[in-house]
Participant: 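Quick one: this structure, given as structure tokens, is what I'll be asking you about.
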Amino acid sequence: MTNPTDSASPQTAPPTAVRTRIAPSPTGDPHVGTAYMALFNWAFAKHHGGQFVVRIEDTDAARSSSASETKIFDALRWLGLSWDEGPIVGGPAGPYRQSERLPIYREHVDQLIAAEQAFPCFCTSQRLDEMRSQQRERGETSGYDGACLGLGAAEVEQRIAAGESHVIRMRVPTEGDCEFRDELRGEISIPFTQIDMQVLLKADGFPTYHLAVVVDDHLMGITHVIRGEEWINSVPKHKLLYDYFGWPMPTLVHMPLLRNPDSSKLSKRKNPTSVTYYERAGYLPEALLNYLGTMGWSMPDEREIFSIQEMSEHFDLERVTLGGPIFDPVKLGWLNGQYLRSLSPEAFMQRVADWAINTDHLAPLVPLIQQRTERLADLAPQVDYLLGDRVALTAEAFAHKKMTPEQCVAALHHYSSALDELRIWDREVLVELAEGLAKHQELKLSEFLFPIFIALAGRSVALPVFDSMVFLGSDLTRVRLRDGLQLLGLSKKQTKKLDKAYLAYVQSTG
RNA sequence: GUCCCCUUCGUCUAGAGGCCUAGGACUCCAGGUUUUCAUCCUGGCAACAGGGGUUCGACUCCCCUAGGGGACGCCA
């Protein structure tokens with residue numbers, strides 16, 4: 001940790017100074033997968049006395065939001081993973097938000113066009129969609145067919161001058177293999193026939209991930225790219241770009257992917273995946289990080305309880321295992337208990353206060369609670385369901401004098417399906433979705449909301465449902481709706497039928 | 001469908017050719033401590049995906065098969 005090169009100036013710093021990064025995309029709640037990669041990048045950088053950089057990949061103008069960006073920073077801070085360079089703290093390689101680096105990408109793309117390593121493409125998305133589905137039908141890997149490759153310079157110039165919408169694509173060899181090295185797996189070879197002529201610059205002037213990641217990793221001096229396994233297949237695109245620009249490749253480390261219990265890639269539909277959820281459900285950041293540290297990695301002495309400092313001290317890529325680990329909330333719970341019980345009574349009380357039993361956190365509930373109170377003692381029974389993880393549910397609680405069990409199930413299923421797709425957790429949107437579905441099911445809103453109420457609170461007498469949902473947030477809400485559905489015992493067949501019905505509904509509403 | 005990656009108890013993992021009768025942790029089961037519960041302690045169940053090689057010797061190296069996962073977007 002006491003690396004003498006730490007204080008050296010950038011000019012004299014040896015090229016071996018380690019720099020890692022995470023590059024989250026601010027398009028939703030902060031994901032545990034992001035926390036996982038942040039932990040490993042942080043631990044690796046700290047182990048080598050290097051720097052850990054945060055860069056915001058907000059190249060998807062439609063989906064990115066500053067609210068999401070803020071949540072990501074909050075999550076990293078809650079976890080205690082501080083970054084040496086990035087938004088807020090700044091640094092010499094900024095700006096660290098890709099939306100603020102547009103001229104840089106444009107410049108680099110122009111360079112590629114001049115060298116005929118990239119070319120403008122005027123194809124419409126309809127044509128591309130058709131092309132892809134035809135290729136799929138023929139059992140081929142889908143990819144751009146090169147229609148705009150043969151366009152003459154004069155025509156291109158004229159169409160651009162006429163303001164025709166276009167993108168810039170990269171040229172890719174039509175034969176041969178791309179060979180590269182992954183630190184954990186060794187040499188990997190992928191045929192160029194599998195590689196699409198990737199769009200580098202979108203019609204809106206924003207870069208795609210593939211361009212931005214290469215340009216920024218190089219310009220920011222990133223030496224080790226530690227990221228999820230899902231990126232292995234796009235390495236050839238990146239390597240091509242490094243070659244086109246004449247830049248050296250950083251060391252590549254592809255970590256295994258966190259999995260759902262059914263072994264598919266960890267997803268928000270099947271599991272709570274936001275860091276915020278774990279915070280709200282009462283987990284300690286050190287326990288969550290410790291748990292993530294045991295996913296695909298182990299301490300040399302096999303101890304299972306360790307801090308991130310201890311992890312970075314002993315960090316070694318050789319100790320990474322490649323099988324995709326299943327994220328197991330039961331073991332995380334055990335670990336969290338270990339941490340909680342080892343606290344002094346004073347520290348424990350402080351943790352509880354920091355968590356939720358404090359005025360800041362409860363303030364938004366006061367207007368709702370106060371009206372329904374006769375004695376101060378009424379507070380706890382009213383808010384209990386808002387403070388925990390899940391609630392105790394019984395099937396009987398879902399019995400309703402008018403609604404059939406089928407209607408209850410459909411309401412739960414459809415509403416939770418709709419919420420799964422929600423990117424922004426907004427009260428008005430929550431209301432609209434419920435109203436739409438209630439109408440579709442020919443139910444009064446109050447009826448439609450009955451099973452929702454039960455799933456959320458475990459009882460029908462509770463604080464207003466939409467306020468409760470806003471307070472609970474996306475993951476906590478969805479996990480409870482799913483619990484309710486599961487309790488009512490859905491077979492696979494019924495689930496499929498409901499999925500279909502929901503899909504039909506979505507299509508009918510456009 | 002095509003390509004790429006992966007494969008030790010149900011789960012997380014140790015294991016880098018003989019130390020393996022495969023170790024630890026979670027879960028589960030049994031017993032003990034505890035007025036109850038929880039904690040805690042003790043014990044138990046449980047795995048090298050299959051088949052070929054290489055080797056005096058394979059969990060460890062190579063090949064094939066099977067299974068799992070991922071990628072194939074003007075999303076990242």
Side-chain angles (χ1 to χ4, degrees), chain A residues 23-28 31 33-34 56-64 98 121-125 128-129 131-132 135-144 165-169 177-178 180 182 184-186 188-196 198-213 227-237 254-266 290-305 318-338 340-342 423:
Chain A
S25 167
T27 54
H31 199 277
T34 305
I56 294 294
E57 308 230 327
D58 53 351
T59 56
D60 186 335
R63 291 195 222 175
S64 298
Q98 293 184 328
C121 166
F122 300 89
C123 296
T124 63
S125 47
L128 294 172
D129 285 346
M131 177 195 73
R132 283 189 196 107
Q135 288 168 331
R136 280 296 183 79
E137 269 171 44
R138 275 180 265 138
E140 298 166 9
T141 302
S142 58
Y144 186 61
S165 174
H166 66 284
V167 302
I168 307 297
R169 286 180 186 277
D177 297 329
C178 176
F180 59 93
D182 173 85
L184 303 176
R185 297 155 231 268
I188 295 175
S189 170
I190 299 177
F192 277 121
T193 51
Q194 292 294 316
I195 311 306
D196 197 6
Q198 179 64 46
V199 171
L200 298 176
L201 205 65
K202 308 179 207 177
D204 64 2
F206 275 63
T208 57
Y209 168 82
H210 302 284
L211 199 230
V213 76
R227 56 168 24 162
E229 195 177 9
E230 59 200 296
W231 295 110
I232 288 183
N233 287 293
S234 38
V235 169
K237 292 172 184 174
H254 290 94
M255 293 291 296
L257 258 25
L258 260 23
R259 314 271 190 104
N260 294 313
D262 68 359
S263 89
S264 56
K265 164 169 142 179
L266 192 66
N290 188 161
Y291 180 66
L292 290 174
T294 66
M295 303 270 85
W297 193 79
S298 60
M299 278 291 228
D301 63 0
E302 287 192 60
R303 100 185 88 134
E304 301 201 278
I305 298 185
E318 299 256 310
R319 300 199 62 80
V320 172
T321 51
L322 262 16
I326 290 169
F327 191 94
D328 178 14
V330 176
K331 187 148 186 184
L332 169 61
W334 169 79
L335 239 189
N336 201 56
Q338 296 293 313
L340 234 27
R341 289 193 288 270
S342 71
R423 201 162 283 114

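We use all heavy atoms of the structure for the numbers below, so side chains are in, but hydrogens, waters and symmetry mates are not. The structure presented is a predicted model; accordingly, all values stated were derived computationally and were not measured.
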Participant: So which one's nearest nucleotide on RNA chain B is more toward 5', Phe122(A) or Ile326(A)?
Facilitator: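 The 5'-side residue here is Ile326(A).
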Participant: Tell me, do His31(A) and Leu266(A) make a side-chain contact under 4.5 Å, heavy atoms counted?
Facilitator: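 His31(A) reaches Leu266(A) side chain to side chain.
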Participant: Starting at atom CZ of Arg259(A), determine the distance to atom P of U11(B), rounded to an integer number of angstrom.
Facilitator: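 Value for this atom pair: 11 Å.
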Participant: OP1, OP2 of C4(B) versus side-chain N and O of Lys237(A): anything below 4.0 Å?
Facilitator: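 Result: no.
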Participant: Let me confirm one number: the CG-NZ distance from Leu211(A) to Lys202(A), rounded to the nearest 0.5 Å.
Facilitator: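 NZ of Lys202(A) is found 10.5 Å from CG of Leu211(A).
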Participant: As a test of reading the structure: which of A76(B), U2(B), C5(B) is closest to the side chain of Thr141(A), going by heavy atoms?
Facilitator: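 Nearest nucleotide to the side chain: U2(B).
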Participant: Mind telling me whether His166(A) and Phe122(A) have parallel, tilted or perpendicular rings, with 30° and 60° as the class edges?
Facilitator: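 If you compare the ring of Phe122(A) with that of His166(A), the planes turn out tilted.
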Participant: Compare the minimum distances between each of U13(B), A25(B), G73(B) and the side chain of Ser142(A), then state the nucleotide with the smallest one.
Facilitator: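 The listed nucleotide nearest to Ser142(A)'s side chain is G73(B).
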Participant: With respect to the side chain of Asn233(A), which nucleotide from A71(B), A76(B), U11(B) is positioned closest?
Facilitator: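 Per side-chain heavy atoms of Asn233(A), the pick is A71(B).
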Participant: Taking N and O atoms by type only, does the side chain of Glu229(A) place a donor or acceptor under 3.5 Å from a partner on the base of G69(B)?
Facilitator: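 Absent.
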Participant: Figure out the CZ/C1' separation between Phe206(A) and A76(B), and round it to whole Å.
Facilitator: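 So the two atoms are 14 Å apart, to the nearest Å.
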Participant: If you define the side chain from C-beta out and look only at heavy atoms, does anything of Pro24(A) sit under 4.5 Å from Ile56(A)?
Facilitator: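 Yes, close enough: below the 4.5 Å cut-off.
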Participant: For G69(B), does the base pair up with any side-chain atom of Glu230(A) as donor and acceptor (N or O, under 3.5 Å, distance only)?
Facilitator: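 It does not, because no donor-acceptor pair links the side chain of Glu230(A) to the base of G69(B) below 3.5 Å.
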Participant: Could you tell me how far apart Arg136(A) (CZ) and A71(B) (P) are, to the nearest whole angstrom?
Facilitator: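 Rounded to whole Å, this separation is 12 Å.
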Participant: From C-beta outward on Met295(A), which listed nucleotide comes closest to its side chain: C5(B), C26(B), C12(B)?
Facilitator: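 Of the candidates, C12(B) comes closest.
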Participant: Between A16(B), C75(B), G69(B), which one does the side chain of Lys265(A) approach most closely?
Facilitator: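 Shortest atom-to-atom distance from the side chain points to G69(B).
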Participant: Between Gln338(A) and Tyr291(A), which residue's closest nucleotide on RNA chain B lies nearer the 5′ terminus?
Facilitator: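 In this pair, the answer is Tyr291(A).
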Participant: Given the rule in the salt bridge (charged side-chain N to carboxylate O under 4.0 Å, His left out) test, do Glu229(A) and Arg185(A) qualify, once you have shown the distances and angles that lead to the verdict?
Facilitator: CA-CA 11 Å; Glu229(A) 195 177 9; Arg185(A) 297 155 231 268; 3.3 Å; yes
Participant: Return the nearest nucleotide to the side chain of Glu302(A); candidates are G24(B), A76(B), C4(B).
Facilitator: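 Per side-chain heavy atoms of Glu302(A), the pick is G24(B).
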Participant: Closest to the Glu304(A) side chain: C74(B), G24(B), A76(B)?
Facilitator: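 Of all the options, the side chain of Glu304(A) is nearest to G24(B).
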Participant: Would you say U2(B) has OP1 or OP2 under 4.0 Å from some side-chain N or O of Arg138(A)?
Facilitator: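 The answer is no; no side-chain N or O of Arg138(A) sits under 4.0 Å from OP1 or OP2.
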